[in-house]
Amino acid sequence: MLALTDLASETPLALSVAATGAGALQGALIARSDDDLDLVGMATLAVCLGFGGGVIRDVLLGTFPPTALTNAWFVGVALAAVAVVAIAGRHLHVIEPVLLVADAAVLGLFGVIAAQQGLAAGLPSIAVVFVGVLAAVGGGVIADVLRGERPMIMRPGPPYALVAVAGVSTYVILVEAVGAQPAVAAIVAITVTFAGRVITFRAGVRTRAARTGLRPR
Amino acid sequence: MLALTDLASETPLALSVAATGAGALQGALIARSDDDLDLVGMATLAVCLGFGGGVIRDVLLGTFPPTALTNAWFVGVALAAVAVVAIAGRHLHVIEPVLLVADAAVLGLFGVIAAQQGLAAGLPSIAVVFVGVLAAVGGGVIADVLRGERPMIMRPGPPYALVAVAGVSTYVILVEAVGAQPAVAAIVAITVTFAGRVITFRAGVRTRAARTGLRPR
Amino acid sequence: MLALTDLASETPLALSVAATGAGALQGALIARSDDDLDLVGMATLAVCLGFGGGVIRDVLLGTFPPTALTNAWFVGVALAAVAVVAIAGRHLHVIEPVLLVADAAVLGLFGVIAAQQGLAAGLPSIAVVFVGVLAAVGGGVIADVLRGERPMIMRPGPPYALVAVAGVSTYVILVEAVGAQPAVAAIVAITVTFAGRVITFRAGVRTRAARTGLRPR
């Protein structure tokens, strides 16, 4: 029988760190495209996108100190991403498409990890989905606010938080209602998030202003 | 003898949830009047105004997970408010005056609940007032920041945080100095907050820019 | 033998409170120079610069309630600073140079206190530096966001967070690698931060936009 690693409850450290690195690279590259941010600003955005969501998750669930601080890898990889972008940033914009794809995977991974911990904490399903989505998108919200932008997830545009909602809900439903193995549920949920993000993005799907309601214009 | 429910230490769940619902409706209606927010933006503001202050309170007092997450009602009623506004929002702006009145009551209720918990945690009176006021106004501050607005409570205008200060101080003084029953103190304090908000608003009282100091211009 | 007070692990209360007061005065004076902030806005900035960083530190390290709330002095001195500036603010702008000097000392003190607590919590060195710097600069970041400004520490200009990094790193290296007494390490680290801030400021050193990388233009 195959011993599947449970991605959610026993996330391999290398995977968590890689996810943090991917987020941090994104943050650093965003900073690099902005004339009004210095190295500290770059590091701030790298940290927010690297492990900001994880810190929000840990604070909400009462895990102190947050996992991102109990292990040297997380701050380390975020700073490494800053160093790489500061030194070789001009060559790195070619990897931005790769990062966008990585981001879609990380979005699902962060949501599922937080959802698993929320279930372990005994939260009701709807609160688990809330925590999972907040963990997945919260770091980006803080980064946007710090840059002086209205958070991307709140604005009309390609669905982002909504695919996280779909992915985390999938995980919770599979584990709680269907009784699936957490490892299987995690892989399915991350796939749903990833596919949902890539497909809606490619298809040009956009959310609309909420004032237009749910009916067609 | 009348067995008064202690509004602060044993807030009936229905009351907490109703308060969350009133805040969430306000948040969703604010989002509806903004062309640059989608359904996720609406949900974000609904959550901030619904239970953002309660989460701030619980984090400061060390209650994990926050009450808003240990019970399905809070996220549930916030999302229900979003659904109602998204579907029937055009008909709901007529209830905005009702929501403003509800907001004045909720402002007092949230402040008093947090103050009671602060006293139970053994905080000094001045810190209890601080936590109470932050719980009452903090969700709105986050919502304002996310919308890209300077927080309303910090700007010259109708007194808002100051009436929360008056209400929470009333509660703390009645309980700590006067020795009043918490239930009685809560009702008086909420009444003070409510009346203070409604009367100053109707009378057109406005705070002034701090640079003008406390003296008349 | 001289019994040095360990500034980091046994910070005298009077020193912590004085540091809070210096920060709060700064915050209140910033508010006074802004036409669009009232007394509550002034108090908000005073609180952020007075003990915002300390609350961030305590939340990250799991100290609940935060120290700033378990003692009446912190909220008290912040409000006293607001009262002083509201009443006598027009005469206080002459002390702003003094406050800038005090700020350089407080920057080091806050960083070192948090670093000591981070070490005591068993965090790895790199995470300790992260927490120390966040404690030193975090209150200012929140104040900037609330005023609607991009955080000063993220923008090209006189080094601020970087001197905190230098100071906190000095503390951690002296304690962990050199085996210095914490009290001695604290004094050296605060001196490094203070001198680094004053010298770079006077010399007109400025950070550059991160996009220019680490190489000379």
Side-chain angles (χ1 to χ4, degrees), chain B residues 55-64 114 117-134 136-138 140-142 144-165 169 172 205-215, chain C residues 27-48 50-52 55-56 58-80 82-93 142-149:
Chain B
V55 170
I56 292 173
R57 173 200 68 207
D58 289 347
V59 168
L60 286 180
L61 297 177
T63 307
F64 298 106
Q117 296 183 1
L119 289 173
L123 298 186
S125 303
I126 195 170
V128 169
V129 174
F130 179 78
V131 172
V133 173
L134 204 54
V137 305
V141 168
I142 296 175
D144 288 343
V145 168
L146 291 176
R147 286 193 304 132
E149 300 285 332
R150 179 173 280 193
M152 175 269 285
I153 64 157
M154 298 173 69
R155 303 175 60 190
Y160 191 79
L162 288 177
V163 295
V165 170
S169 300
V172 173
V205 174
R206 293 175 65 84
T207 62
R208 289 180 307 176
R211 69 176 310 151
T212 57
L214 297 172
R215 287 152 303 191
Chain C
L29 285 169
I30 289 169
R32 198 178 180 279
S33 66
D34 188 320
D35 275 337
D36 193 35
L37 290 170
D38 68 4
L39 206 59
V40 171
M42 185 180 271
T44 306
L45 298 188
V47 161
C48 288
F51 56 78
V55 170
I56 292 173
D58 289 348
V59 168
L60 287 180
L61 297 178
T63 307
F64 298 106
T67 308
L69 299 181
T70 55
N71 188 300
W73 279 102
F74 295 95
V75 178
V77 78
L79 293 185
V82 170
V84 167
V85 171
I87 293 168
R90 71 175 62 180
H91 309 298
L92 279 176
H93 286 279
I142 297 176
D144 288 344
V145 168
L146 291 176
R147 287 194 302 132
E149 300 284 334

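Lettering follows sequence order; numbering is per chain, from 1.
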Seminar exercise, completed: Bottom line for B:Val137: the part with an atom under 4.5 Å from chain C's heavy atoms is neither
Exercise. Side chain, backbone, both or neither: which part of C:Leu79 has a non-hydrogen atom closer than 4.5 Å to chain B?
Worked result: side chain
Seminar exercise, completed: Turns out that what part of B:Val145 lies under 4.5 Å from chain C's heavy atoms comes down to side chain
Problem set entry | Distance in Å, C:Asp34 CG paired with B:Met154 CE, rounded so as to fall on 0.5 Å steps | 8.5 Å
For this session: Go through the atoms of C:Val82 and report whether side chain, backbone, both or neither lie under 4.5 Å from a heavy atom of chain B.
Result: neither
Problem set entry | Centroid-centroid distance, B:Phe130 to C:Phe51, less than 6.0 Å | yes
Exercise. Is there side-chain contact between B:Val141 and C:Leu146, with at least one heavy-atom pair below 4.5 Å?
Worked result: yes
For this session: Please look at B:Tyr160 and chain C and tell me whether the side chain, the backbone, both or neither of the residue comes under 4.5 angstrom of a heavy atom of that chain.
Result: neither
For this session: Look up atom CD1 in B:Ile153 and atom OG1 in C:Thr44, then write down how far apart they are to the nearest 0.5 Å.
Result: 4.5 Å
For this session: Let me know if B:Val165 has heavy atoms under 4.5 Å from chain C in its side chain, its backbone, both or neither.
Result: neither
Exercise. Quick one: of C:Asp36, C:Leu69, C:Val75, C:Val40, who has the most non-hydrogen atom pairs under 4.5 Å with chain B?
Worked result: C:Asp36
Problem set entry | Residue pair B:Pro124 / C:Ala72: nearest heavy atoms and the distance that separates them | CG-N, 3.5 Å
Exercise. CZ/C:Phe74 to CD1/B:Ile126 distance, rounded to the nearest 0.5 angstrom?
Worked result: 12.5 Å
For this session: Determine the option with the most heavy-atom pairs under 4.5 angstrom with chain C, choosing from B:Gly157, B:Pro156, B:Ala127.
Result: B:Pro156
Exercise. What is the minimum heavy-atom distance between B:Arg211 and C:Arg32, and which atoms define it?
Worked result: CB-O, 2.9 Å
For this session: Under 4.5 Å heavy-atom distance to chain B, tell me which part of C:Ser33 shows up: side chain, backbone, both or neither.
Result: backbone
Seminar exercise, completed: Residues pairing under side chain to side chain donor-acceptor pair (under 3.5 Å) where one sits in residues 67-79 of chain C, two or more places apart or in two chains, turn out to be C:Asp58-C:Thr67
Exercise. Looking only at atom types and distance, does a side-chain atom of B:Arg155 sit under 3.5 Å from a main-chain N or O of C:Leu37, one as donor and one as acceptor?
Worked result: no
